[in-house]
There are 2 protein chains.
Amino acid sequence: MVQYSKKIQAVPEPTIRRMPSYLAFAEGLLRKGQQFVSSTQIANYMNIDPTQVTKDLSYTTIVGKTRVGYEVKAIVDVLSEFLGFSVMDNAFLVGAGSLGSALLHDSGLNHFGLKIEAAFDINPSTIGRKINDVEVFHIDQFRDLAQELNVIMGIITVPAENAQTVADLMVAWGIKAIWNFTPARIKVPDDIIVQNTTLYSNLAIIFNKLHQDKREE
Amino acid sequence: MVQYSKKIQAVPEPTIRRMPSYLAFAEGLLRKGQQFVSSTQIANYMNIDPTQVTKDLSYTTIVGKTRVGYEVKAIVDVLSEFLGFSVMDNAFLVGAGSLGSALLHDSGLNHFGLKIEAAFDINPSTIGRKINDVEVFHIDQFRDLAQELNVIMGIITVPAENAQTVADLMVAWGIKAIWNFTPARIKVPDDIIVQNTTLYSNLAIIFNKLHQDKREE
DNA sequence: AATCAATAAAGAAATTTTTCTTTAATAAAA
DNA sequence: TTTTATTAAAGAAAAATTTCTTTATTGATT
């Protein structure tokens with residue numbers, strides 16, 4: 001009887017997951033000067049069924065032309081807009097270790113609408129330093145800076161055992177969404193959006209397929 | 001009529017994806033000395049339905065006891081084994097930039113059965129250096145080293161535009177699985193396992209939920 | 001100009017995944 | 001000792017997602 005996740009979701013999550021790849025592909029074609037692209041081409045690139053592509057794109061305002069395909073520029077424009085990549089959202093990152101640094105260096109996040117305004121840590125040797133032009137502050141300065149900047153997302157890249165503490169802090173100063181890179185699951189109020197991104201799930205999938213192959217041999 | 005992905009898969013992929021979290025949770029309980037855990041507890045931690053947990057665990061040899069739950073130690077042992085985390089597989093990493101470094105620093109990969117034996121790059125300033133005890137070689141030394149070491153997985157952390165080149169190289173010296181961290185989709189023979197891990201899909205999901213919230217207000 | 005082939009789109013069907021329901025077991029409480 | 005409440009397990013039902021089928025359109029070919 002209890003609802004574990006409110007799914008008043010018009011667009012299926014698998015669709016949302018595929019869309020950034022469509023976008024990246026279309027951006028590449030645009031650079032190469034290709035004007036139109038068919039669902040077959042996209043599907044071939046993605047290794048999926050062509051009707052999947054048309055279904056996915058049908059959730060947007062993009063319309064294709066029979067015998068021609070979709071306008072590449074339209075895909076780029078509409079999809080960026082649709083995915084929320086064309087407005088810049090501000091984020092704070094907590095945990096300026098190796099993974100945190102990697103995210104700070106990733107220009108793709110900027111390109112896709114996420115600006116990391118500041119980073120936080122408790123390690124004195126990193127505090128005060130700049131990583132790819134983003135300053136690292138002590139975690140205690142968190143609250144004050146959050147007031148100044150319009151930050152809606154918190155990124156957690158601390159060790160798993162500190163994830164909940166950081167999450168609580170983020171919730172306390174009114175963050176709307178949390179991107180959790182630790183394997184730990186965090187408890188937050190219902191209205192806070194949490195996205196868990198854990199590498200080990202991907203590793204498990206690879207191993208599963210590898211062993212499946214072994215079984216078949 | 002064409003098969004886009006052979007799914008002779010007994011265990012659903014969503015299940016495989018959740019399992020590493022069950023494992024991590026159980027490991028935590030084990031450290032705390034808890035002997036049994038119920039599906040309700042696990043479900044509560046994961047924010048999912050309890051029957052989902054029992055279904056997932058039913059794919060393994062783990063059996064629970066009514067009114068008691070599952071033995072924590074059994075979950076840890078069986079799940080590690082089941083997910084392929086208890087045998088060490090060797091990997092090469094190509095692209096020792098910030099993301100590559102982050103992976104090299106991640107002890108979790110070691111813990112979950114993946115040993116990165118060597119890293120490769122073309123940047124002269126990183127070649128010869130050691131990142132967390134893993135040596136960085138020039139990409140040309142790839143083939144020779146692959147002969148020596150029993151490496152079955154290749155990890156791609158180069159810029160997207162070089163992904164295909166690296167993938168081709170990996171296929172050429174007989175890698176079985178490729179873990180692709182670039183947004184680019186790579187073309188490889190059917191028998192090679194490819195796992196794409198792209199951050200931007202997660203970003204898209206967060207943005208989608210954020211905007212959905214806005215729509216509801 | 002007529003035919004052919006490639007394509008988008010819409011809807012139906014199939015498949016997969018999740019959630020619900022029932023049953024049986026058993027620890028804890030009365 | 002009996003009752004109650006909690007739990008795993010199995011199967012049914014529901015929901016979500018993917019794939020298949022049909023139709024209509026239109027550029028390219030003959």
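Protein chains get the first letters and strands the later ones, always in sequence-line order, with residue 1 at the start of each. A quick note: this is a predicted structure, and the numbers were derived from the prediction, not measured.
- Note: H211(A) and F207(A) have parallel aromatic rings, judged against thresholds of 30 and 60 degrees for the angle between ring planes.
- In terms of phosphate contacts, R18(B) brings no side-chain nitrogen or oxygen within less than 4.0 Å of OP1 or OP2 of dT17(C).
- Rounded to an integer number of Å, the gap from CD1 of I62(B) to C1' of dA9(D) is 14 Å.
- Side chain R67(A) to base dA5(C): a donor-acceptor pair is found below 3.5 Å.
- Closest approach to the D49(B) side chain among dA8(C), dT6(D), dC20(C) is made by dC20(C) (side chain taken as heavy atoms from C-beta onward).
- Rounded to an integer number of Å, the gap from K55(A) NZ to dT17(D) P is 13 Å.
- Rounding to whole angstrom units, CD of residue E13(A) and P of dT18(C) are separated by 11 Å.
- As judged by a 4.0 angstrom heavy-atom cut-off over every strand, S39(B) is placed among residues touching the sugar-phosphate backbone only.
- A salt bridge does not link E27(A) to R31(A): none of the charged side-chain nitrogens sits closer than 4.0 Å to a carboxylate oxygen.
- As rounded to whole Å, 15 Å separates atom P of dT6(D) from atom CG of N44(B).
- Of the listed nucleotides (dA10(C), dA8(C), dA9(D)), dA8(C) has the atom at the smallest distance from the side chain of S38(A).
- Considering only side-chain atoms of T66(A), the nucleotide from dT18(C), dT7(C), dT26(C) that sits closest is dT7(C).
- Here the closest heavy-atom approach between residue F36(A) and residue G69(A) is recorded as CD2-O, 4.3 Å.
- The distance from atom CD of Q41(A) to atom C1' of dA6(C) is 12 Å, rounded to the nearest whole Å.
- In this structure, I155(A) and F92(A) have side chains that are not in contact, with every pair of non-hydrogen atoms separated by 4.5 Å or more.
- When rounded to the nearest whole Å, the span between CZ of F36(B) and P of dT7(D) equals 13 Å.
- The only member of I156(B), L103(B), T198(B) that meets side-chain contact (heavy atoms from CB on, under 4.5 Å) when paired with F181(B) is L103(B).
- Place G64(B) and D56(A) on DNA chain D by their nearest nucleotides, and G64(B) ends up nearer the 5' end.
- Counting only heavy atoms from C-beta on, Q52(B) has its side chain closest to dT19(C) among dA9(C), dA25(C), dT19(C).
- At whole-Å resolution of the value, OH in Y70(A) and C1' in dT7(C) are 9 Å apart.
- For P14(A) and V68(A), each mapped to the nucleotide of DNA chain D holding its nearest heavy atom, the one lying further toward the 5' end belongs to P14(A).
- N47(B) places its CG atom 16 Å from the C1' atom of dT19(C), with the value rounded to the nearest Å.
- Remark: the K65(B) side chain and the dT26(C) base include no donor-acceptor N/O pair separated by less than 3.5 Å.
- Look at Y59(B) and you won't find any side-chain N or O under 4.0 angstrom from OP1 or OP2 of dT17(C).
- Contact annotation: S58(A) side-chain N/O to dA9(C) OP1/OP2 distance is not under 4.0 Å.
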